[in-house]
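Keep in mind it's a predicted model, so treat the numbers as computed, not measured.
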Amino acid sequence: MSKKPNILLITSDQQHWNTIGAFNPEIQTPNLDRLAREGTTFTRAYCPNPTCTPSRASIITGLYPSQHGAWTLGTKLLEDRHTVGEDFAEAGYRTGLIGKAHFQPLKSTEEYPSLEAYPVLQDLDYWRQYKDNFYGFDHVELARNHTNEAHVGQHYALWMEEQGCSNWRDYFLPPTGTMDSAVKHKWPIPEEYHYDKWIAERTNAMLEEHKRNDEPFFLWASFFDPHPEYLVPEPWDTLYDPDKLTIPTVTPGEHDRNPPHFRLTQEENPDFDYLRETGQGIHGYHSHVNLSMEERKRLVATYYGMTTLMDKYIGRILDKVDELGLADNTVVVFTTDHGHFFGQHGLQHKGGFHYEDLIKLPFIVRYPDHVPAGHTSHAIQSLVDLAPTFLSLAGIPVPHYMTGVDQSKVWLGEASQARDHAICEFRHEPTTIHQKTYVDQRYKITVYYNQTYGEIFDLQEDPGELNNLWDDPEAAGLKTELLLKYVWAELGKESMPMPRIWHA
């Protein structure tokens with residue numbers, strides 16, 4: 001490790017932990033399978049928040065959402081926050097981000113301006129000339145749309161035009177485009193103009209530049225799929241037979257002992273007005289029972305198709321790393337920002353439901369001759385640990401303010417664990433939707449602000465999380481123990497911007 005190792009972070013968006021073919025024979029991901037064979041798969045990785053902005057901001061700050069301030073969707077990571085890219089740049093690294101950032105909201109105000117908002121989002125002349133540092137990344141190429149969303153713009157739209165796709169608006173929804181919103185599953189965009197290809201192509205161009213200049217790099221290839229809407233170009237839309245897939249579903253009575261918002265999702269016309277404070281949309285707080293089984297099967301087939309298409313282009317990146325002779329000195333990490341429901345517990349997409357399906361992540365690390373190959377580890381990981389671990393592997397001092405844990409010895413196979421728990425936060429309204437989950441090797445406890453209800457699951461005896469022990473008299477002692485451990489964990493993750501250097 002005498003030469004500075006490169007860091008290549010590859011992320012998907014909203015990918016369920018069990019969607020890698022090496023561990024789930026119903027899905028095809030040959031390139032992620034290859035990564036698993038060549039590296040270590042961590043089976044207990046968690047997000048610090050089950051939505052995009054908070055978790056992504058944690059990746060680059062090494063702080064929890066309650067600490068870096070981008071606490072939910074529709075907020076921004078303030079520009080004065082220190083990021084890991086700044087540390088890498090100071091150490092002589094080139095830093096880049098290709099794809100999804102989502103550090104800022106789609107709306108801009110005078111007090112909180114956003115570069116990911118309308119109208120600058122679609123000012124292509126602005127993005128054509130954009131050269132500024134963006135949250136510690138000295139080179140960025142960005143987009144904000146998932147599949148055919150009207151939010152398309154920035155560097156992705158520029159790239160489509162450069163590729164000769166002058167009619168790109170035909171593949172996106174109004175008011176930006178002209179695509180019919182009734183079209184489902186099969187996205188008519190040709191694969192050659194899909195953003196997976198854009199991300200792989202531009203990531204590979206940066207890899208070539210770094211190789212040519214013989215410079216160390218910290219590069220993030222940030223994919224958008226398989227985040228809904230469920231759309232994928234042909235032939236990927238028919239790759240999977242919906243009738244041959246396992247379709248998760250609710251277990252009758254499983255929400256009887258859960259907090260009220262779980263039960264409400266299983267009603268046809270639930271009333272969630274009691275939770276609304278800001279007047280903004282609240283993800284997941286609606287009916288989850290308005291889909292037929294046939295529709296649900298088709299959604300899963302499309303979700304898998306999106307994942308397999310993304311895997312193809314992740315393979316293009318891995319091939320380029322090999323072609324350029326960079327593999328032996330490059331730490332490659334694949335993960336996602338948070339999980340996804342596609343029927344588990346009767347739920348769809350995401351929300352304030354901290355089941356493993358939503359907060360646990362796929363997580364693979366490859367670093368030839370350093371990270372054990374073909375290995376599986378149950379050591380708990382968190383996305384908040386990425387920044388300090390990347391810095392440690394590169395021999396760069398970890399800033400004292402970071403509250404993530406340095407996992408480098410665990411990744412290298414020199415230690416069995418670096419943390420004995422993870423914490424996941426979800427604060428989607430200032431007071432009414434505010435919860436935190438503590439999870440250790442066996443148990444999980446979720447507490448809610450100003451509420452006496454909660455959840456306790458024994459992941460060893462009840463891996464499906466069907467039996468909430470919160471009000472079980474026989475679990476009273478366990479509840480007390482876990483509450484105390486949660487408080488200790490909260491105390492333990494307080495930021496310490498500097499060490500104590502004298503007695504007074």
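Remark: side-chain polar atoms of N329 are paired, donor with acceptor, to backbone N or O of K4 under 3.5 angstrom. Proximity of a side-chain donor or acceptor of T83 to a complementary backbone N or O of T61 within less than 3.5 Å is not detected. Q344 contributes a side-chain N or O that, together with a main-chain N or O of F342, makes up a donor-acceptor pair within less than 3.5 Å. In this structure, the side chain of W470 engages the main chain of T452 through a donor-acceptor pair within 3.5 Å. The closest donor-acceptor contact from the side chain of D337 to the backbone of Q14 lies under 3.5 Å. Judged by distance alone, with hydrogens and angles left aside, the side-chain atoms of H375 form no donor-acceptor pair with the main-chain N or O of T40 at under 3.5 Å. A donor-acceptor pair under 3.5 Å links the side-chain atoms of D462 to the main chain of N467, judged by distance alone. In terms of modelled atom types and a separation under 3.5 Å, the side chain of Q381 and the main chain of F42 share no donor-acceptor contact. Checking side-chain atoms of E141 against main-chain N and O of R202 turns up no donor-acceptor pair under 3.5 Å. Remark: side-chain polar atoms of T389 are not paired, donor with acceptor, to backbone N or O of D406 under 3.5 angstrom.
Sorted by first and then second residue, the ring pair (Phe, Tyr, Trp, His ring centres under 6.0 Å) pairs with a member in residues 60-83 read H82-Y401; sequence neighbours excluded. Identified under the salt bridge (Lys or Arg N to Asp or Glu O under 4.0 Å) test for residues 475-489, with sequence neighbours left out: E481-K485. Applying the salt bridge (Lys or Arg N to Asp or Glu O under 4.0 Å) test to residues at least two apart or on different chains, the pairs with a partner in residues 303-318 are E191-K312. Each salt bridge (Lys or Arg N to Asp or Glu O under 4.0 Å) pair with one or both residues in residues 379-400, not counting sequence neighbours, appears once here: D385-R419.
Of all heavy-atom pairs spanning A418 and Q407, the tightest one is CB-OE1, 3.5 Å. Here the shortest heavy-atom pairing between H354 and I359 reads O-CD1, 3.9 Å. Minimum interatomic distance between P50 and F426 (heavy atoms only, all atoms of both residues): CG-CD1, 3.6 Å. What you find for P362 and T335 is that their closest heavy atoms are O-OG1, 2.8 Å. For the residue pair D420 and D440, the shortest heavy atom distance occurs at O-CB, 3.4 Å. Residue L393 comes nearest to S408 through the heavy atom pair CD2-CB, 3.8 Å, listed as atom of the first residue, atom of the second, then distance.
The CZ atom of F353 sits 5.5 Å away from atom OH of Y285, with the distance rounded to the nearest 0.5 Å. For the atom pair CE (M306) and OH (Y304), the distance works out to 13.5 Å, reported to the nearest 0.5 Å. Expressed to the nearest 0.5 Å, how far OH of Y195 lies from OG1 of T147 amounts to 5.0 Å. Distance check, rounded to the nearest 0.5 Å: CG of L466 to CZ of F457 gives 8.0 Å. Put simply, CG on L8 and CZ on F390 are 9.0 Å apart, with the number rounded to the nearest 0.5 Å. Summarising the geometry, atom CG belonging to N468 is positioned 12.0 Å from atom CG belonging to D458; distances are rounded to the nearest 0.5 Å.
At least one side-chain heavy atom of F334 sits under 4.5 Å from a side-chain heavy atom of S12. In this structure, L299 and P228 have side chains that are not in contact, with every pair of non-hydrogen atoms separated by 4.5 Å or more. With a 4.5 Å cut-off on side-chain heavy atoms, N49 and H338 do not count as touching. Between E79 and Y135 there is a side-chain heavy-atom pair separated by less than 4.5 Å. Looking at heavy atoms from C-beta onward, R44 lies in side-chain contact with Q441 at the 4.5 angstrom threshold. L73 has its side chain within reach of C52: a pair of non-hydrogen atoms, C-beta onward, lies under 4.5 Å apart. Side-chain contact between L478 and D472: absent, with no pair of heavy atoms (C-beta onward) separated by less than 4.5 Å.
Scanning for side-chain hydrogen bond (donor to acceptor under 3.5 Å, both in side chains) contacts around R81 gives an empty result, with sequence neighbours left out. Every residue two or more places apart in sequence or in another chain was checked for a side-chain hydrogen bond (donor to acceptor under 3.5 Å, both in side chains) with N133, and none qualifies. Partners of E465 by salt bridge (Lys or Arg N to Asp or Glu O under 4.0 Å), not counting sequence neighbours, listed by chain and number: K444. Listed by chain and number, the residues in a side-chain hydrogen bond (donor to acceptor under 3.5 Å, both in side chains) with T203 amount to none (sequence neighbours excluded). The side-chain contact (heavy atoms from CB on, under 4.5 Å) check on P388 picks up V398, M402, with sequence neighbours excluded. By the side-chain hydrogen bond (donor to acceptor under 3.5 Å, both in side chains) test, T330 is found to be paired with N6, residues two or more places apart in sequence or in another chain being considered.
The only option from T307, T302, T19 that meets the side-chain contact (heavy atoms from CB on, under 4.5 Å) definition with P226 turns out to be T307. Checked options H227, H16, H340; the residue passing with Y303 is H340 (criterion: ring-ring contact (aromatic ring centres under 6.0 Å, His included)).
Taking the six-membered ring for Trp and the full ring otherwise, H261 and Y448 have centroids separated by under 6.0 Å. Taking the six-membered ring for Trp, F262 and Y355 have ring centres closer than 6.0 Å. For H283 and H349, the distance between ring centers is not under 6.0 angstrom.
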Which side-chain N or O atoms in residues 88-101 pair as donor and acceptor under 3.5 Å with protein atoms at least two apart or in another chain?
residue : atom : partner : partner atom : Å
Y93     : OH   : P5      : O            : 2.6
R94     : NE   : D138    : OD1          : 3.4
R94     : NH1  : E209    : OE2          : 3.2
R94     : NH1  : E215    : OE2          : 3.1
T95     : OG1  : G136    : O            : 2.9
T95     : OG1  : D138    : N            : 2.9
T95     : OG1  : D138    : OD2          : 3.1
K100    : NZ   : D13     : OD2          : 2.5
K100    : NZ   : H146    : NE2          : 2.8

Kindly list each side-chain donor-acceptor pair under 3.5 angstrom involving residues 496-504, sequence neighbours excluded, with atom names and distances?
residue : atom : partner : partner atom : Å
R500    : NE   : W502    : O            : 3.3
R500    : NH2  : H503    : O            : 3.0

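Side-chain contact annotation: E254 with H345, donor-acceptor N/O pair under 3.5 Å present. Checked by atom type, the side-chain pair E356/Y46 shows a donor-acceptor distance below 3.5 Å. A side-chain donor from one of E425 and S66 sits under 3.5 Å from a side-chain acceptor of the other. Side-chain contact check for T308 and W236: no donor-acceptor pair (N or O, by modelled atom type) lies under 3.5 Å.
Other residues, nucleotides and ligands contribute over 12 non-hydrogen atoms within 6.0 Å of the CD atom of E414. Atom CG of D369 is surrounded by 12 or fewer heavy atoms from other residues, nucleotides or ligands within 6.0 Å.
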* To do: Evaluate salt bridge (charged side-chain N to carboxylate O under 4.0 Å, His left out) for E208 paired with K320, printing each intermediate quantity in order.
  => CA-CA 8 Å; E208 290 173 346; K320 180 60 69 172; 2.8 Å; yes
